[in-house]
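Sequence positions, counted from 1, serve as the residue numbers for this chain.
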Amino acid sequence: MTVVGPFGLSVRDQALEADVQAGLAAVEEGLLDATKSEVPFITQAAQHLVRAGGKRFRPLLVMLAAQFGDPYAPGIVPSAVVVELTHLATLYHDDVMDEAEVRRGVDSANTRWGNSVAVLTGDFLFARASHILADLGPEAVRIQAEAFERLVTGQILETAGPRDGRDPVEHYLDVLSGKTGSLVAVACRFGAMMSGADETVVDVLTQYGERLGVAFQLADDVLDIASDSHESGKTPGTDLREGIATLPVLRLRERAERLGLPEDAALCELLDSDLTDDARHAEALSRLRVHPALEQARRDTIRYAEDARAALAPLPECGAKAALTEMCDAVVHRAG
């Protein structure tokens, strides 16, 4: 039994494990090939995050979804490369927007080469993904275009914030469906579609991917508050320090408005203050860790993971279904 993919996912079916490992190795080669340019500097910038590693969460989903048809069909690996290139391109752009200094344990592209190079490198990756897509057919192009529109819309909605009268929690979940769920859904859809799986199976896996993608991001929200740096791999409370209102904070504000408790109002005031101060940041983190809002966010995460698991019910029992189910279990485990 070998560990593959994110969360330390284990695949207990030896034939499936071999297929997945071979597929992911081919994707890695495809990523390096797709990020080569005749201009050495472009190659260096484009391969910066590829070589930094990552969970390869989306390519893994492509490989598992492909098991419901012909897992050796020619379009599977290229479609996984497309999805991962798209994801990587968004990271270059996100780091510029967030003024991030580090990504995957290395200097972000914007820190190393400046914002202009980072933005243009992201654009280069989008172009290379489009080039590969063109060989996969017009339906694949349409699916990717729709997902990319949703992804960008989610990013714009996050930047703009909820409109007047809109529930901030509902708004945030819509943002995550666009920013994260859409591309994870496409990974599952491409894997099933390129393998020639039945259309009902394609639909089931697409729904699963959307829900799993949101659950995955919500688990990160919870981990940012609840975990130590060893467990999460990043500094706890990063989102708090940067003033990003993730689900635990939104649940706190919702509770404060609904119940009117002084202690909730005081914590909201603390969170709205300058948390670049280490002492104030530490206090906010410790108080939020024991607040009911964190437990509510944890329950929300588990609900999305369970919804993803439920979506798999119509699929036949097999090693791939077991692995996809284990991903739901892993998200629940991450959320505590």
Side-chain angles (χ1 to χ4, degrees), residues 5-6 20-63 66 72-152 155 179 182-184 186-187 189-191 193-194:
V20 169
Q21 294 284 14
L24 291 176
V27 169
E28 211 64 29
E29 291 182 14
L31 288 171
L32 290 173
D33 186 59
T35 49
K36 287 178 183 174
S37 167
E38 294 179 356
V39 181
F41 175 68
I42 295 177
T43 301
Q44 182 185 12
Q47 292 187 351
H48 182 61
L49 290 185
V50 174
R51 294 187 181 279
K55 292 182 284 291
R56 303 295 188 251
F57 175 46
R58 293 155 189 82
L60 174 60
L61 287 171
V62 175
M63 297 304 142
Y72 310 111
I76 292 168
V77 169
S79 69
V81 172
V82 165
V83 173
E84 189 67 6
L85 282 175
T86 304
H87 172 60
L88 289 170
T90 65
L91 298 185
Y92 281 86
H93 288 179
D94 284 350
D95 286 346
V96 171
M97 294 180 64
D98 299 339
E99 299 180 354
E101 296 181 357
V102 176
R103 169 70 70 174
R104 295 180 173 176
V106 299
D107 288 344
S108 63
N110 47 296
T111 297
R112 188 164 182 179
W113 295 295
N115 287 345
S116 294
V117 169
V119 170
L120 291 169
T121 302
D123 293 344
F124 176 81
L125 296 182
F126 284 131
R128 286 298 174 89
S130 298
H131 183 79
I132 298 169
L133 266 172
D135 292 331
L136 297 178
E139 178 69 1
V141 173
R142 183 186 63 79
I143 290 168
Q144 173 76 356
E146 289 174 352
F148 189 45
E149 179 184 343
R150 289 188 60 207
L151 193 157
V152 173
Q155 185 68 67
K179 278 187 59 179
S182 61
L183 197 57
V184 177
V186 165
R189 187 171 183 178
F190 275 169
M193 186 177 83
M194 296 297 169

For this session: Decide yes or no for F190 and L136: does some side-chain heavy atom of the first lie under 4.5 Å from some side-chain heavy atom of the second?
Result: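 Side chain of F190 against side chain of L136, heavy atoms only: no contact under 4.5 Å found.
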Problem set entry | Student check: side-chain heavy atoms of F148 and L183 closer than 4.5 Å |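 No. Closest side-chain heavy atoms not under 4.5 Å.
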What is the minimum heavy-atom distance between [X] and [Y], and which atoms define it?
{"X": "L61", "Y": "A187", "value": "CB-CB, 4.2 Å"}
{"X": "Y92", "Y": "A45", "value": "OH-O, 2.5 Å"}
{"X": "S182", "Y": "A147", "value": "OG-O, 3.6 Å"}
{"X": "A80", "Y": "M63", "value": "CB-CE, 3.8 Å"}
{"X": "M194", "Y": "A140", "value": "CE-CB, 3.9 Å"}
{"X": "T35", "Y": "Q47", "value": "OG1-CG, 3.0 Å"}

For this session: Could you check V20, V27, V77 and say which one makes a side chain to side chain contact (heavy atoms under 4.5 Å, CB included) with P59?
Result: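 Between P59 and the candidates, side chain to side chain contact (heavy atoms under 4.5 Å, CB included) is satisfied uniquely by V27.
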For this session: Not counting sequence neighbours, which residues clear side-chain contact (heavy atoms from CB on, under 4.5 Å) with I132? List them please.
Result: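 I132 satisfies side-chain contact (heavy atoms from CB on, under 4.5 Å) with A34, P78, V81, V82, L85 once adjacent residues are dropped.
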Rounded at 0.5 Å granularity, tell me how far [atom1] in [X] sits from [atom2] in [Y].
{"X": "I42", "Y": "K36", "atom1": "CD1", "atom2": "NZ", "result": "15.0 Å"}
{"X": "L31", "Y": "L49", "atom1": "CG", "atom2": "CG", "result": "11.5 Å"}
{"X": "M193", "Y": "I76", "atom1": "CE", "atom2": "CD1", "result": "11.0 Å"}
{"X": "L88", "Y": "R58", "atom1": "CG", "atom2": "CZ", "result": "9.0 Å"}

For this session: Give the C-alpha distance, both sets of side-chain angles, the deciding distance and a yes or no for side-chain contact (heavy atoms from CB on, under 4.5 Å) between Q155 and T90.
Result: CA-CA 10 Å; Q155 185 68 67; T90 65; over 6 Å; no
Exercise. Do side-chain atoms of T121 reach the backbone of A46 as a donor and acceptor pair under 3.5 angstrom?
Worked result: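 Here the side-chain-to-backbone pair does not exist.
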Problem set entry | Where at least one partner belongs to residues 135-144, residue pairs that pass side-chain hydrogen bond (donor to acceptor under 3.5 Å, both in side chains), sequence neighbours excluded |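 Applying side-chain hydrogen bond (donor to acceptor under 3.5 Å, both in side chains) to every pair that reaches into residues 135-144, excluding sequence neighbours, yields T86-Q144, E139-R142, R142-E146.
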For this session: Please collect all side-chain hydrogen bond (donor to acceptor under 3.5 Å, both in side chains) contacts where either partner lies in residues 122-132, sequence neighbours excluded, each pair once.
Result: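 Qualifying pairs: H93-D123.
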